[in-house]
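Right, one structure below, let's go through it.
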Amino acid sequence: TQFHKWSLGVNASGGLLAANISQRTDHYYGNSKETGYTAGNEVKDVSEHHLPIRFGLSVSYQLTPFLALNSGISYTYLYSEFSSPLDKNINFDQKLHYLGIPLGVTWQLWSANRFHFYVSGGMMLEKCISAERDGSSISKKPWQWSAEAAAGAEYTFTRRFGVYLEPSLGYYFNDGSSLEHYYKEHPWTPSLEFGIRLHLNK
C-alpha cells in the first residue's frame, strides 16, 4: 500500500544555545601566602559546558497516511572544561559518551509537491558508555532519560529519497549522579537535527 512502509535515516544534530559558562562557589581553607586568598574565602570555580553533538540512525514504520512509529540508535558527545582561579594548575576537561535508543511517534500535518511537514514527540533512554576527566576514566556512568517534541520539514528528491530539517525542544531529567555536564545546566535544551531518509515500500 501507499502508506505502509519503512523509512531509514541518518542524522546529526547539535544544540542551539551558546556554550555555557557557569560558576560554582566553594569554600577553601588554604595558606593565604601561597594562594593569595584569605582562608575561608568563597571562590567561584568556572565550568564551561560545550554544545552537545549527536549522530544517529533512525527507523520509522508508517501505520497510517498520517501516523508513524520511530526508533533507532544515537551517539551523543558531551564536552566540558573546568578551571579554578585559586590554582592555575587546576584546569581539566571532561568527556562523556552516550549511546541511546529513542522511541516516539510522528504525525504528518501537510504535504505539497515534494515538501512534507510534520510534528513528533517521544522519549529516549541513554547510557553513558565512556567517561573521562583529565584523561583518566571515571567510574560513574549514569543512565539519562529525556523527552522531546519536534517539528520538521522534509523535501523528497524522489519517491524514495529525501532530506529533512527538524528543530526540537528536549527536557533532560536529572541523572542522579554528581557529574556536571550540559544537561544539568540546561535541562530544557533546544536543538536542530538534519539528515537524509530512504523510504522503502513494505
Q. Between atom OG of Ser7 and atom CD of Gln62, what is the distance when rounded to the nearest 0.5 Å?
A. 6.5 Å
Q. Just wondering, are more than 12 heavy atoms of other shown residues or ligands nearer than 6.0 Å to OH in Tyr155?
A. yes
Q: May I ask you to check whether Glu132 and Ser137 show a side-chain donor-acceptor distance below 3.5 Å?
A: no
Q. Does the Lys5 side chain pair with the main chain of Ser60, one donor and one acceptor, at a distance under 3.5 Å?
A. no
Q. Tell me, do Glu148 and Leu169 make a side-chain contact under 4.5 Å, heavy atoms counted?
A. no
Q) Between the main-chain N or O of Gly176 and the side-chain N or O of Asn174, is there a donor-acceptor pair closer than 3.5 Å? A) yes
Q) Same hydrophobic cluster for Tyr77 and Leu51, using side-chain heavy-atom links shorter than 4.5 Å among ILVMFWY? A) no
Q: Answer yes or no: is there a side-chain heavy-atom contact under 4.5 Å between Phe161 and Thr156?
A: no
Q: Search all heavy atoms of His49 against all heavy atoms of Tyr182 and return the closest pair with its distance.
A: O-CD1, 3.5 Å
Q: Please report the closest heavy-atom contact between Ala12 and Phe55, naming both atoms and the distance.
A: CB-CD2, 3.7 Å
Q) When hydrophobic residues are tied together by side-chain contacts of less than 4.5 Å, even through go-betweens, does Met124 share a cluster with Ile129? A) no
Q. For the atom pair CG (Asn70) and OH (Tyr61), what is the distance rounded to the nearest 0.5 Å?
A. 13.5 Å
Q: Before giving the answer on side-chain contact (heavy atoms from CB on, under 4.5 Å), spell out for Tyr118 and Glu166 the whole-Å C-alpha distance, their side-chain angles and the decisive distance to 0.1 Å.
A: CA-CA 9 Å; Tyr118 58 89; Glu166 189 176 293; 2.7 Å; yes
Q: May I ask you to test the Gln144-Leu125 pair for a side-chain heavy-atom distance under 4.5 Å?
A: no
Q. Transitively linked via ILVMFWY side-chain contacts under 4.5 Å: Ile73 with Trp143?
A. no
Q: Would you check if Ser177 and Lys184 make a side-chain contact, meaning some heavy-atom pair closer than 4.5 Å?
A: yes
(Q) Please tell me whether Phe66 and Leu109 are part of a single hydrophobic cluster in this structure, the criterion being side-chain heavy atoms less than 4.5 Å apart. (A) yes
Q | Positive for ring pair (Phe, Tyr, Trp, His ring centres under 6.0 Å) with Tyr172, one of Tyr183, Trp188, Trp145 | A | Tyr183
Q | Step-by-step side-chain contact (heavy atoms from CB on, under 4.5 Å) determination, Val10 to Leu57 | A | CA-CA 5 Å; Val10 179; Leu57 300 174; 3.8 Å; yes
Q. Is there a path from Leu198 to Tyr164 through hydrophobic residues (I, L, V, M, F, W, Y) whose side chains come within less than 4.5 Å of each other?
A. no
Q: Identify the two heavy atoms, one from Gly162 and one from Glu154, that lie closest to each other, and give their separation to 0.1 Å.
A: CA-OE2, 3.7 Å
Q.
Tell me the closest heavy-atom pair linking Thr76 and Arg54, and the distance in Å.
A. OG1-NE, 2.7 Å
Q) Taking C-beta and beyond as the side chain, do Ser178 and Lys140 meet within less than 4.5 Å on heavy atoms? A) yes
Q: Find the distance between NE2 (His116) and OG1 (Thr106) and round it off to the nearest 0.5 Å.
A: 13.5 Å
For residues 92-105, dump all side-chain donor-acceptor pairs below 3.5 Å to protein atoms at least two apart in sequence or in another chain.
{"unit_1": "Asp93", "atom_1": "OD2", "unit_2": "Tyr79", "atom_2": "OH", "d": "3.4"}
{"unit_1": "Gln94", "atom_1": "OE1", "unit_2": "Arg133", "atom_2": "NE", "d": "3.3"}
{"unit_1": "Gln94", "atom_1": "OE1", "unit_2": "Arg133", "atom_2": "NH2", "d": "2.8"}
{"unit_1": "Gln94", "atom_1": "NE2", "unit_2": "Glu180", "atom_2": "O", "d": "2.7"}
{"unit_1": "His97", "atom_1": "ND1", "unit_2": "Tyr75", "atom_2": "OH", "d": "2.7"}

Q.
To check you understand the geometry: which heavy-atom pair defines the closest contact between Phe173 and Ala147, and what is its length?
A. CE1-N, 4.2 Å
Q. Less than 4.5 Å apart, any side-chain heavy atom of Pro142 and any of Leu179?
A. yes
**Q.** Residues Asn11, Arg197; criterion side-chain contact (heavy atoms from CB on, under 4.5 Å); working and verdict
**A.** CA-CA 9 Å; Asn11 57 72; Arg197 288 195 181 106; over 6 Å; no
(Q) Can you see whether Ser83 engages Asn91 through a side-chain donor-acceptor pair at a distance of less than 3.5 angstrom? (A) no
**Q.** Heavy-atom closest contact (Ser111 atom, Gln108 atom, distance)
**A.** OG-NE2, 3.1 Å
Q. Any luck finding a side-chain donor-acceptor pair between Ser191 and Ser168 under 3.5 Å?
A. yes
Q. Are any of the side-chain heavy atoms of Phe157 and Val163 separated by less than 4.5 Å?
A. yes
Q) Heavy atoms, side chains only, cut-off 4.5 Å: are Glu81 and His50 in contact? A) yes
